[in-house]
Amino acid sequence: MMKKWLSPALLIVTFLLSAIGHYAGWNFTLQFILSSISVIFVAGFLGKATESVAHYAGQRLGGFLNATFGNAAELIIAILLIREGLYDMVKASITGSIIGNLLLVLGLSLFAGGLKFKIQKFNMTLAGLNGSLMTLAIIALFVPAVFLNTHSITEDETKLLSLIVAGILIVSYIAWLGFSMITHKEYLADVSEDKSDQDALAHEQEPIWSKGRSVLYLIIATVMVAFVSEWLVGVLEPISHEYGLSELFIGAFLVAIIGNAAEHSAAIMLALKNKISAAVEIAVGSSLQIALFVAPVLVFVSFFMGDTMDLVFTTLELVAIGVAVFIARSITQDGASNWYEGLLLLAVYIILGVSFFLV
């Protein structure tokens, strides 16, 4: 009974402490720690509510919902950063979200699942298409940077190009949803080894909440994420100055790791239950959503706020995203995974993390 109430109690206590710290003007470091802990608990609550809703929606749509609401914290944080004019930190957080999902979330999922199950299989065709979409994302981020840095186009033209590229990416992502969930749903279906195991697993994963309560909790969790994200954003700049941390490191690693808490827990738990397809769907699907939908939407959000954010990423950011996509694609293309492949992804993430810290 105590275990049942411990998590909700910690969720409420950390949220209230974070609120009090923000409105009472506590020390910036303490505010940052409280807000970070609160975001993790709120993201966990959001992930649990999403998983419950996803159960009623089916696996493919469920994976999409997990990725979407898992990215809610990052999207809200990014919009608040745009409002503050911190475009470099926004781009760093986009970079961190992409590499965090492809290397950290996917790596931990493959590693944890691989320790329990020797080989885990998922749809090879889906993995290949996901790799192609991530390549499209790299091209879309690479082109504006090259054209601006070679002085082929002006800054104003770069902003116009960014808006056009953002629109194309959003259309491509919407088309992908139609392809993967409607026209080719069966073609991209999960790889199931044993029907009886699948049925037993489905029974084991019965949600603890009804459909109505799951939707209600999803809405409440999203609102809580919005509040605590704003409190966190408010102390990022003072923290970066106080500890001499670059905006690149804060955006790409601190914000990304905190914001990805929901995906971490959901994907790893699914991998441990031998549902590696769903885990890969959350990790890779979340990266795709960030690159093809969230980043382009942020460009349009900044445009409507009066100052368009371009899609010109730094060389370091482009290299990090390129490296993450390259190794993630090479590891997932065979449709099977093991713990060592997960370890390789985590090794690359640590290398990038240390490099960004030293910038």
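Fair warning: this is a prediction, and the values are worked out from it, not measured in the lab.
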(message) Within this structure, what is the CD1-OG distance for the pair Ile33 and Ser38, rounded to the nearest 0.5 Å?
(response) 13.5 Å
(message) To the nearest 0.5 Å, what is the distance between CH2 on Trp231 and OG on Ser36?
(response) 13.0 Å
(message) Would you say that Phe41 contacts Val13 through its side chain, given a criterion of any heavy-atom pair below 4.5 Å between the two side chains?
(response) no
(request) Taking all heavy atoms of Asp334 and all of Met124, pick out the closest pair and write down the distance. (result) O-CE, 3.2 Å
(request) Indicate yes or no: at least one non-hydrogen side-chain atom of Asp310 is less than 4.5 angstrom from one of Glu155. (result) no
(message) Side chains of Ser277 and Lys121, heavy atoms from C-beta outward: is any pair under 4.5 Å?
(response) no
(message) Assigning hydrophobic clusters by single linkage (Ile, Leu, Val, Met, Phe, Trp, Tyr; side-chain heavy-atom cutoff under 4.5 Å), is Leu160 placed with Leu298?
(response) no
(message) Do Phe357 and Leu352 land in one hydrophobic cluster if side-chain heavy atoms of ILVMFWY residues count as linked below 4.5 Å?
(response) yes
(message) Any non-hydrogen side-chain atom of Ser35 less than 4.5 Å from a side-chain atom of His22?
(response) no
(request) Might you point out which heavy atoms bring Leu311 and Pro144 nearest each other, and give the distance in Å? (result) O-CB, 4.1 Å
(message) Counting C-beta onward and ignoring hydrogens, is there a side-chain heavy-atom pair between Ile20 and Trp26 closer than 4.5 Å?
(response) yes
(message) How long is the straight-line distance from CD of Gln31 back to OH of Tyr23, given to the nearest 0.5 Å?
(response) 11.0 Å
(request) Group every Ile, Leu, Val, Met, Phe, Trp and Tyr by side-chain heavy-atom contacts under 4.5 Å, then state whether Val42 and Leu16 land in the same group. (result) no
(request) Find the distance between CD1 (Ile327) and CD1 (Ile99) and round it off to the nearest 0.5 Å. (result) 12.5 Å
(request) Kindly give the heavy-atom pair with the smallest separation between Ala112 and Leu272, and that separation in Å. (result) O-CD2, 3.5 Å
(request) Could you go through the side-chain contact (heavy atoms from CB on, under 4.5 Å) check for Leu136 and Ser172 one step at a time? (result) CA-CA 9 Å; Leu136 166 65; Ser172 300; 4.1 Å; yes
(request) Taking the side chain as every heavy atom from C-beta outward, state whether Phe32 and Leu254 have any atom pair closer than 4.5 Å. (result) yes
(request) Looking only at non-hydrogen atoms, find the nearest pair between Ser214 and Ala49 and report the distance. (result) O-CB, 4.1 Å
(message) Less than 4.5 Å apart, side chain to side chain, heavy atoms only: is that true for Glu84 and Leu80?
(response) no
(request) Check whether more than 12 heavy atoms from other residues, nucleotides or ligands sit under 6.0 Å from atom CZ of Phe147, and answer yes or no. (result) no
(message) Within this structure, what is the CD-CG distance for the pair Glu242 and Asn27, rounded to the nearest 0.5 Å?
(response) 6.5 Å
(request) Could I get the full list of side-chain hydrogen bond (donor to acceptor under 3.5 Å, both in side chains) partners for Arg213, not counting sequence neighbours? (result) none
(message) Among residues at least two apart in sequence or on other chains, which ones pass salt bridge (Lys or Arg N to Asp or Glu O under 4.0 Å) with Asp307?
(response) Lys159
(request) Show your reasoning for whether side-chain contact (heavy atoms from CB on, under 4.5 Å) applies to Leu344 and Val348. (result) CA-CA 6 Å; Leu344 293 177; Val348 175; 5.9 Å; no
(message) Ignoring hydrogens, what is the shortest heavy-atom contact between Ala137 and Ala291? Give both atom names and the distance.
(response) CB-CB, 3.5 Å
(message) Please check this pair: side chain of Asp88 against backbone of Lys91, looking for a donor-acceptor N/O pair closer than 3.5 Å.
(response) no
(request) Start with the C-alpha gap between Leu126 and Val284, add the side-chain angles, then the distance that decides, and say whether side-chain contact (heavy atoms from CB on, under 4.5 Å) holds. (result) CA-CA 10 Å; Leu126 179 60; Val284 179; over 6 Å; no
(message) side-chain contact (heavy atoms from CB on, under 4.5 Å), that's the test. Do Val312 and Thr158 meet it? Break it down for me.
(response) CA-CA 8 Å; Val312 177; Thr158 304; 3.3 Å; yes
(message) If you count heavy atoms of other groups shown closer than 6.0 angstrom to CZ of Phe15, is the number above 12?
(response) yes
(request) Write down the atom of Val299, the atom of Ala166, and the distance for their closest heavy-atom approach. (result) CB-CB, 4.1 Å
(message) Is it true that, when you exclude Phe326 itself, more than 12 heavy atoms of the residues, nucleotides or ligands shown sit nearer than 6.0 Å to its CZ?
(response) no
(request) First locate atom CD1 of Ile321, then atom CG of Leu316, and finally report the distance between them rounded to the nearest 0.5 Å. (result) 11.0 Å
(message) If we ignore hydrogens and angles and just use 3.5 Å, is the side chain of Ser287 paired with the main-chain N or O of Ile98 as donor and acceptor?
(response) yes
(message) With clusters defined by side-chain heavy atoms of hydrophobic residues (ILVMFWY) lying less than 4.5 Å apart, directly or transitively, does Leu216 cluster with Leu11?
(response) yes
(message) Taking Leu343 as the starting point, is it possible to reach Leu110 by hopping between hydrophobic residues whose side chains are less than 4.5 Å apart?
(response) yes
(request) For Gln120 and Ser337, indicate whether the former's side chain and the latter's backbone hold a donor-acceptor pair under 3.5 Å. (result) no
(request) Determine whether Leu108 and Leu346 make a side-chain contact, defined as any pair of heavy atoms from C-beta on separated by less than 4.5 Å. (result) yes
(message) For Ile170, run the side-chain contact (heavy atoms from CB on, under 4.5 Å) check against Val297, Val165, Leu292, Val294 and tell me which one passes.
(response) Val297
(request) Please indicate whether Tyr87 has more than 12 foreign heavy atoms, meaning atoms of other residues, nucleotides or ligands, lying under 6.0 Å from its OH. (result) yes
